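Data block below; observations after.
Quick note: numbers below take in every heavy atom, side chains included, and nothing from hydrogens, waters or symmetry partners. Being a predicted model, the structure only gives us computed values, none of them experimental. The residues of the chain are indexed from 1 along the displayed sequence.
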Amino acid sequence: MSRLVAFIHRCLSQTARAAVWLACATGFGCAVMAPRSEPVLVKRAQMHMGTVVTITAVAPTEATAQAAVAAGFREVRRLEELLSTWIPTSELSRVNAAAGRHPVKVSPETFTVLKRSLEIAALTEGGFNIAIGPAMEAWNVTERARIPDETELQALRPLVDLSQVWLDETASTAFLSIPGMRVDVGGIGKGYAADLVVQAMQRAGAVAGAVALSGDIKTFGRLPDGSRFPVGIRHPRKEGAVLAWVELQDEAISTAGDYERFFERDGVRYHHILDPATLHPARSCQSVTVIAREGMMADGLDTGIFVLGPEQGMALVERLPDVEAVIVDHRGRVFVSSGLAGRIHLVPESD
């Protein structure tokens, strides 16, 4: 999934190139003590899951807000130990190591994210694929900037076949039936983590807040002044520019784009979002932003819709409840789902 980095207006400086910006109401600092009759906003950032994780909590007292933020970071660390393929002892790493040999028993959290990954793969007609890793490694657009030949890609095709991912709900096991297969939930796991972090924060007493994991953002409640959380969607072809603004409440947002990990050769852009059907970069979109109630749904759908393309992708969005999207096609044309009418503010090109 496209890496997104959020910033809080007048609080945290921008940390990296971004696809979505989260801007809280002006006047709030990184840890703000409001008058006793007003809610308190606390905001902190740490490095987890290979990226900057920003957690904002609104609570009746500063102590409660701080406790909610701490609970959120504990949940991030717990999930990282289960889902990160960069940690050799994680459950997903053990599933990958056992490919072609035997099933691996996993936790309810790991099973849930794998099961939902397969469901979103079906929704997007295979556009979202957690087994695409071997093909992405062959391209390796950020380091080697190479174009693999068709013989190499065809040899990898069995390893990206999602039908060879077997989940046994009764035994709570996961099995990859072909040696060399591996799954990576980076394209959905951060959205799932955001969902669970929000739950942890609410249990700790937060009445509102936002979680940004690599820019996959989940919000709940409202800011202390009663406003919703304003989020800016990055322009896919103008560095540092905002394409549109939208306000969120109890929603998640995630963007997939072709502008963060790519190289160009002979005027052609080669990026990291591969079409599992061709094992080549998907060509129909520049960016896809999905807004949904669940972070996991937003995070998984944006990549799948990017592969499907604007016509099929928007048709899918219009069929799904509580899901909206902003799609920029390969020509730069912007498509907005019907449910966002009156909610989204497209920034004029002159801005």
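- Put simply, the side chain of L118 reaches to within 4.5 Å of the side chain of L167, judged on heavy atoms.
- A side chain to side chain contact (heavy atoms under 4.5 Å, CB included) with L340 is found for one member of T289, V317, I291 and no other, namely I291.
- Partner of V185 under the side chain to side chain contact (heavy atoms under 4.5 Å, CB included) criterion, chosen from T110, D299, L83, T85: L83.
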Q | Test log, rule side chain to side chain contact (heavy atoms under 4.5 Å, CB included), inputs V53 and Q46 | A | CA-CA 5 Å; V53 178; Q46 296 180 6; 5.5 Å; no
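- Across all non-hydrogen atoms, the minimal contact from L159 to I178 is CD2-CG2, 3.8 Å.
- Proximity of L153 to W139: side-chain heavy atoms (C-beta onward) are separated by under 4.5 Å at one or more points.
- Of all heavy-atom pairs spanning A98 and V104, the tightest one is CB-CG2, 3.6 Å.
- Under the side-chain hydrogen bond (donor to acceptor under 3.5 Å, both in side chains) criterion, the residue pairs touching residues 174-183 are E137-R182, Q164-S177, with sequence neighbours excluded.
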Q) Could you walk me through whether H280 and E150 pass the side-chain hydrogen bond (donor to acceptor under 3.5 Å, both in side chains) check? A) CA-CA 10 Å; H280 283 263; E150 287 303 314; 2.4 Å; yes
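- In the displayed structure, E311 atom CD is contacted under 6.0 Å by at most 12 heavy atoms of other residues, nucleotides or ligands.
- Here the straight-line distance linking atom CG of L243 with atom NE2 of H345 works out to 10.5 Å at 0.5 Å rounding.
- For the pair D258/I273, no side-chain contact is recorded, criterion being any heavy-atom separation below 4.5 Å from C-beta on.
- Checked for salt-bridge contact, R234 and E239 meet the test: a charged N lies under 4.0 Å from a carboxylate O.
- In this structure, the separation between OG on S284 and CD1 on I327 is 10.0 Å, given to the nearest 0.5 Å.
- E80 has no carboxylate O lying under 4.0 Å from a charged side-chain N of R77, or vice versa, which leaves the two without a salt bridge.
- In this structure, CG in L248 is found 9.0 Å from CZ in F229, a value given to the nearest 0.5 Å.
- Annotation for V290 and A298: closest pair O-CB, 3.7 Å, computed over non-hydrogen atoms.
- More than 12 heavy atoms of other residues, nucleotides or ligands lie within 6.0 Å of CZ in R265, so this atom counts as buried by the packing criterion.
- Between R94 and K105 the shortest heavy-atom distance is NH2-O, 4.0 Å.
- A distance of 15.0 Å separates CG in L114 from CH2 in W166, rounded to the nearest 0.5 Å.
- Counting only N and O atoms by type, the side chains of T255 and D302 include no donor and acceptor under 3.5 Å apart.
- Taking hydrophobic clusters as Ile, Leu, Val, Met, Phe, Trp and Tyr residues chained together by side-chain heavy-atom distances below 4.5 Å, L162 does not share a cluster with F175.
- Of the N and O atoms on the side chains of E247 and S227, not one donor lies less than 3.5 Å from an acceptor on the other residue.
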**Q.** side chain to side chain contact (heavy atoms under 4.5 Å, CB included) assessment of Y259 paired with Q286
**A.** CA-CA 8 Å; Y259 46 78; Q286 293 180 4; 5.9 Å; no
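- When every heavy atom of A138 is checked against every heavy atom of R146, the shortest pair comes out as O-NH1, 2.7 Å.
- Connection of V307 to I120 is established within a shared hydrophobic cluster, with ILVMFWY side chains joined at heavy-atom distances below 4.5 Å, either directly or through further cluster members.
- Between L346 and A244, the shortest heavy-atom distance links the atoms CD2-CB, 3.6 Å.
- Proximity of L279 to I132: side-chain heavy atoms (C-beta onward) are separated by under 4.5 Å at one or more points.
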Q.
For L316 and E125: C-alpha separation, side-chain torsions, deciding distance, then whether side chain to side chain contact (heavy atoms under 4.5 Å, CB included) applies.
A. CA-CA 10 Å; L316 172 61; E125 301 177 24; over 6 Å; no
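- In this structure, CD in E251 is found 13.0 Å from CD in E294, a value given to the nearest 0.5 Å.
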Q. Given V347 and W245, is the side chain to side chain contact (heavy atoms under 4.5 Å, CB included) satisfied, shown in steps?
A. CA-CA 8 Å; V347 178; W245 290 95; 3.8 Å; yes
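- Separation of atoms CD (E91) and CD (E81) is listed at 10.5 Å; rounding is to 0.5 Å.
- A cation-pi arrangement, defined by a distance under 6.0 Å to the six-membered ring centre and an angle within 45 degrees of its axis, is absent between R228 and F220.
- Of the charged side-chain nitrogens involved, at least one lies within less than 4.0 Å of a carboxylate oxygen, so that R78 and E109 count as a salt-bridged pair.
- At a threshold of 4.5 Å between side-chain heavy atoms, the hydrophobic network of Ile, Leu, Val, Met, Phe, Trp and Tyr places V268 and L274 in one connected group.
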